[in-house]
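Below is one structure, written out as structure tokens, with a few remarks after it.
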There are 2 protein chains.
Amino acid sequence: MHAADPVALLRGSGLRVTRPRVAVIHALEQHPHAEVDRLAEVARADLGAVSTQAVYDVLRALTEAGVVRRIEPAGSPARFELRVGDNHHHVVCRSCGAIADVDCAVGARPCLDASDTQGFVIDEAEVTYWGTCPDCTQIH
Amino acid sequence: MHAADPVALLRGSGLRVTRPRVAVIHALEQHPHAEVDRLAEVARADLGAVSTQAVYDVLRALTEAGVVRRIEPAGSPARFELRVGDNHHHVVCRSCGAIADVDCAVGARPCLDASDTQGFVIDEAEVTYWGTCPDCTQIH
DNA sequence: GAGTCAATCTTGAATGATTCAAGAAAACAT
DNA sequence: ATGTTTTCTTGAATCATTCAAGATTGACTC
């Protein structure tokens, strides 16, 4: 898990290379699963100034280009990660909101067969595990 | 899937029986997976008037009492259902937002074993299937 | 390297869902 | 019936996100 080159990542996806975009990708490398506010902060530390709106725009563009993945655990604002394309899931800590990646035990496309899909055509199974993170378990 | 008696449901959970609560439970019976607005509308048709805030309060009380379950699919406001306690999941239509229940194929507590849980203690696995509902598939 | 045009960023306001807060009304126990 | 506590009403606040208009910038062409 070492840093991809933001510029290469953008070029490779046919996206313009701008300072805000590079900074946001950089922020995502350092802070996987961060929310918009946090990413904006980190990007600002890098650039001096970026509007929050720009960060929203960047994240939207990156998400639409398939460079980042957006997740929205219940009760949390949207979070973003660069790890994309593989089928991985997330554990969310009920007490502090920490999130970690989890590879599904079942296989490459886990849980994709539900017993009765009610006539729906399913293209993705999103799994969210809920529990308590190591830190919160210790303190309790 | 026939209607539970709202009054019995409330009494059984140690909750006061009020007109708004009975009406919201009634609305939930008729409209599983409905969002707050919709439930408030339906409850109003029943009672004449209820404040939206009251509906929020009722849903919170019912959720905390374990009488209803709250789900929040990405991109949607919260939705509520009376079916609770069993381990069932949901399919969400990407185009119209329709939601249906899905029993997991794996077993009673499906997907509860993730390969590597990063030290988290997991107590629930929430699965959201994404796809297209029968209606939206037909029209396309 | 300058000119051009579309894409992107800035600023400021709007929206939607949800929560907070204070007082009025209603439910339940006695 | 009466009192106490919970719940409902009304009105405002908050948070995350989106919309909109104009200024700036990236990348392509000459």
Side-chain angles (χ1 to χ4, degrees), chain A residues 6-27 33-44 46-65 67-80 97 99, chain B residues 6-27 33-44 46-65 67-80 97 99:
Chain A
V7 176
L9 204 56
L10 288 167
R11 289 247 151 77
S13 308
L15 294 172
R16 287 195 179 178
V17 178
T18 68
R19 289 169 58 60
R21 284 180 179 173
V22 173
V24 168
I25 292 174
H26 217 83
H33 313 127
E35 34 197 85
V36 178
D37 271 1
R38 186 102 190 69
L39 293 170
E41 268 176 34
V42 176
R44 257 168 221 134
D46 207 331
L47 297 177
V50 215
S51 68
T52 302
Q53 183 58 52
V55 177
Y56 272 100
D57 288 347
V58 166
L59 288 168
R60 164 174 305 229
L62 293 176
T63 303
E64 282 172 0
V67 176
V68 315
R69 179 173 163 196
R70 174 192 181 121
I71 60 174
E72 289 181 53
S76 161
R79 288 157 180 270
F80 299 84
I99 298 185
Chain B
V7 175
L9 206 56
L10 289 167
R11 289 247 151 76
S13 307
L15 295 172
R16 286 193 179 180
V17 178
T18 68
R19 288 170 58 61
R21 285 180 178 173
V22 173
V24 168
I25 292 174
H26 216 83
H33 312 128
E35 34 197 86
V36 178
D37 270 2
R38 189 102 187 67
L39 293 170
E41 268 177 33
V42 176
R44 258 168 221 134
D46 208 331
L47 298 179
V50 214
S51 69
T52 302
Q53 184 58 53
V55 177
Y56 272 100
D57 288 348
V58 167
L59 289 168
R60 162 173 308 229
L62 293 177
T63 303
E64 283 171 0
V67 176
V68 315
R69 179 172 163 196
R70 175 192 179 120
I71 60 174
E72 291 181 53
S76 161
R79 288 158 180 269
F80 299 83
I99 297 185

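Values reported hereafter were calculated over all heavy atoms of this structure, with side chains retained and with hydrogens, waters and symmetry mates removed. Proteins come first, then strands; the chains are lettered A, B, ... in the order of their sequence lines, and each starts at number 1.
Here dT18(C) presents its P atom at 12 Å from CD of Glu72(A), a figure rounded to the nearest Å. Separating the CG atom of Asp37(A) from the P atom of dT18(D) is a distance of 14 Å, rounded to the nearest angstrom. The nearest whole Å value for the distance from the CG atom in Leu59(B) to the P atom in dT19(C) is 10 Å. Ile71(B) places its CD1 atom 16 Å from the P atom of dA17(C), with the value rounded to the nearest Å. Taking atom OH of residue Tyr56(B) and atom P of nucleotide dC15(D), one finds them 16 Å apart after rounding to whole Å. If you take CZ of Arg79(A) and C1' of dA16(D), they are 13 Å apart, rounded to a whole angstrom. Atom-to-atom, CZ of Arg21(A) to C1' of dT24(D) comes out at 14 Å; the value is rounded to the nearest Å. The CG-C1' distance, from Leu47(A) to dT8(C), rounds to 14 Å in whole Å.
Interface remark: the Arg16(B) side chain does form a donor-acceptor pair with the dT5(D) base, using a distance-only criterion of under 3.5 Å. Side-chain atoms of Gln53(B) come within donor-acceptor range of the base of dC20(C), with a qualifying N/O pair under 3.5 Å.
Applying the 4.0 Å criterion to OP1 and OP2 of dC8(D), one finds that Thr18(B) has a side-chain N or O inside that range. Put simply, Arg70(A) has a side-chain N or O that comes within less than 4.0 Å of OP1 or OP2 on dT17(D). Between Arg11(A) and dA27(D), a side-chain N or O to OP1/OP2 separation shorter than 4.0 Å is present.
With rounding to the nearest 0.5 Å, the separation of CD in Glu35(A) from CD in Glu72(A) is 11.5 Å.
Nearest to the side chain of Val17(A), among dT18(D), dA27(D), dA16(D), sits dA27(D). Taking only side-chain atoms of Val50(B), from C-beta outward, the nucleotide of dA16(D), dT10(C), dT9(D) with the closest atom is dT9(D).
In terms of heavy atoms, Leu15(A) sits closest to Ala61(A) at CD1-O, 4.4 Å.
If you check every strand for non-hydrogen atoms under 4.0 Å, Arg19(B) touches nothing. When heavy atoms are screened at a 4.0 angstrom cut-off, Ser51(B) is found touching base atoms of the nucleic acid. Across all strands, Ala78(B) comes closer than 4.0 Å only to sugar-phosphate atoms, never to a base (heavy-atom distances).
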- Item | Leu62(A) and Leu10(A): CA distance, side-chain angles, deciding distance, side-chain contact (heavy atoms from CB on, under 4.5 Å) verdict | CA-CA 8 Å; Leu62(A) 293 176; Leu10(A) 288 167; 3.8 Å; yes
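Taking 4.5 Å as the limit, some side-chain heavy atom of Ile99(B) sits within range of a side-chain heavy atom of Ile71(B).
A salt bridge links Arg38(A) and Glu41(A); the closest N-O separation between the charged side-chain nitrogens and carboxylate oxygens is under 4.0 Å.
Comparing Thr52(B) and Leu15(B) along DNA chain D, the residue whose closest nucleotide (by nearest heavy atom) sits nearer the 5' end is Leu15(B).
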